[in-house]
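Naming convention: chains lettered A, B, ... in sequence-line order (proteins, then strands); numbering from 1 in each chain. Because only heavy atoms are used, hydrogens play no part in the values below, and waters and symmetry mates are left out as well, while side chains stay in.
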Amino acid sequence: MNLEEIEVALGRTRSKVEGWGMSTHSESVVRFPESVEDLKELFAAARKDGISVAFRGTGCSYGDASLNDRSLLIDLTRFNKIKSLDPATGVLVAESGVTLEQNWRQSVTQGYWPPVVSGTMYPTLGGLLSMNVHGKNNWKHGTIGEHVQSFRMLTIDGEELSCSPEENGEIFHAAIGGFGMLGCFTEVTLKLKKIYSGNIEVTAVGIRNLGHMIAWMDQHREDFDYLVGWIDCFTAGKSLGRGELHAARYVKEGADPDPKGTMRLSYQDLPSHIMGVFPKAWMWRFMKPIVNDFGMRALNAVKYHSSCRKQTRGAGHLQAHAAFNFLLDYVPDWKKAYLPGGLIQYQSFVPAEKARETHGHLIQLCHRSNLIPYLGVYKRHKPDPFLLTHAVDGFSFAMDFKVTAQNRGQLWDLCHRMDEVVLEAGGRFYFAKDATLESENAHRIWPAEDLQKFARLKQDLDPQALLQTNLSRRLFPEFQTQPSLVASEEG
Amino acid sequence: MTSKFKNALLIGASSGIGAALARCLAEDGTRVALVARREDQLEDVRRGITTAWGQDRARVYRTDVTDFDQAPALFQKIDEEMEGLDLVIYCAGVMTEGPEDEYDFAKDKLVVEVNLLGGMAWLDQAATRFEAKRSGAIVGIGSVAGDRGRRAYPNYHAAKAGFATYLESLRNRLSRHGVQVTTIKPGPIATPMTEGMGKQPLMRSAEEAAQKIHRAITKGKMTAYVPGIWFPIMFVIRSIPSILFRRMGI
């Protein structure tokens, strides 16, 4: 069924939808169900007419994971009710469209913080599960999936499954990280982390190069709960991979003299103005003129030298959880400074012993192509029990590239060359970020039997192969077997 | 592989300056043998180095520097297993806390044993070996505290002064045999040892200190204050006559 026919069938006109990085776009009919019954109706319509369906929360995936070009996109942001939060156990039961922001705003005053958070507070729980999101504490506290006690998922056939590690365990471990291919999360039960202060203690370290970053992280990984490195990707030679590292640990019980005060929402709220005067919402407009090679080289150098001066000498400083965790939200809409072409983030996960060499090689490839990432972020990871996990016992390096009409082809070529280096090292990629990977390489990430197992589950739960996204069609065309869709894409 | 040194031994490398210095050396291509008392922390340092630069880059050996009798055999073993050391750094240090009117010999003894006698036990071994080889570098981490006896921590000041004098003697003995002896005099450095002291003037992180120490060792300096600003400061402080110094309350 083509888009015009879908518009007629569903009684809605098309909308333009884009990935978070604003470099991938689609035209879709978007529906906003508010209940499981609404979803069931939409699924029935999709089954009847063979319409492919994708799910979307707040659209925080950088690439095309929440896009479904020329078909139906189900926006779940109206599944936004927190059903319960047990103050004794910290178990949260919420609809899948509840955002991390809703979660922490509800829980922080009761002494609980989401156990794993992304760099922004806006993703929905359903999105977090679909991508099996990790945070700055991945090597220690795992991915979000490891804190999910259970979830409810509606299959395209209209059956609502209850899944936990014990009940439907196979589906539980495949749907988390299953990029929306097996069904729609409707409700999530998540165990939150008990906190004894609204602050965490942060230590900043100036980092000379990539080896120093890796060595420091691996030496201190038992001492801290969060580790995140910023990398200046413009430098080469002995300073290749220089940057700054932030290590943070939870404040112990009894150490905060005023835990109620620091766990207040007003204490956690990010300031809306810089120095109380300048509205942060305007900042991206001032950033725009410097989001180019020259400006970002200078900005990275200034940041490096100032971070060396500001590094922790003595005890760490205290910072609110929200301010430490949601750095991407510090400047609202900063991504608009990358317009008109938007940005992509290339994040690769490489086994620990090959990380320095491999990630160093990636920076060198960028230099050779004269396409330098404006931001680099480094993190430590560990494997997890989910079928299509992105995590390895190693390090990830996320690089933000500006996309322009002129560099797009060259940038995609560079990413494909980097794919080869990463895969050679036994590395992996992450669907929440990916925009450039090719199908053949996606199949090299996981053992064939794991992909077959996932495909079998998909066939069982979605026999018409209706659940698709731009990402799934790009990477796993074998999931796309519905004849009408193939025809419409070719047309 | 740009390092001046192939194989280094660091005594007291489980945290603070020693651990950070081990990373600096390893980063430059030097293989490091790490000696300390706290095995789990030592293992953390080793893991960091080997993850970043390969399994071959670091080895660990557990000992307590106050077990002086262990030093000769362990030094011999490390020298053999590392296939010939060319740099030995004594970084072990301890500082005890106590009120200004306290005189506690048990604490004095510990401070002298760790900061001075342990250094002699290990660096005597290095001196013997390097004198025979007619090459090598010996480094001792002293302190600005060794330059003057302040009211606080008399044991620490005495031990560091003794260590600096010991290193000077070694230098006077060994330089004619082609052996480099470097005395490092750091100001306050943020390490587990100084945690209880709170924020100090001109305090530096262990990472910053290690980088400067590494540079001084590579350049073959005889004495280096870390950071360098302590050189003029200590020059002035050393020049203050005792009659005034004792009234200054420092």
Against chain A, label B:E208 side chain, backbone, both or neither, depending on which of its atoms sit under 4.5 Å from a heavy atom there.
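Just the side chain, heavy atoms under 4.5 Å.
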
Tell me, do B:R47 and A:E222 make a side-chain contact under 4.5 Å, heavy atoms counted?
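B:R47 vs A:E222: side chains touch.
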
Within the 4.5 Å heavy-atom criterion, are A:R208 and B:E207 side-chain neighbours or not?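 Contact flag for A:R208/B:E207 side chains = yes.
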
*asked:* Let me confirm one number: the CZ-CD1 distance from B:R23 to A:I214, rounded to the nearest 0.5 Å.
replied: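 Here the interatomic distance stands at 12.5 Å.
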
For atom [atom1] of [X], is the number of surrounding heavy atoms from other residues, nucleotides or ligands below 6.0 Å larger than 12?
X      : atom1 : answer
A:L327 : CG    : no
A:E420 : CD    : yes
A:E357 : CD    : no
B:K6   : NZ    : no
A:K382 : NZ    : yes

Exercise for the section: Taking all heavy atoms of A:A215 and all of B:W53, pick out the closest pair and write down the distance. Expected result: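 The pair with the smallest heavy-atom distance is CB-CZ3, 3.5 Å.
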
SB check A:R221 B:D44 (cutoff 4.0 Å):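 No salt bridge links A:R221 with B:D44.
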
- prompt: B:T51 and A:R356: side-chain contact (heavy atoms from CB on, under 4.5 Å), yes or no, with the steps?
  reply: CA-CA 8 Å; B:T51 304; A:R356 185 182 60 86; over 6 Å; no

In terms of heavy-atom proximity below 4.5 Å to chain B, should A:A352 be classed as side chain, backbone, both, or neither?
->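 For A:A352, the contact with chain B is made by backbone and side chain together.
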
Query raised in the report: Which residue out of B:A206, B:C24, B:G54 racks up the most heavy-atom pairs below 4.5 Å with chain A?
Result: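 Sorted descending by pairs with chain A, the first entry is B:C24.
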
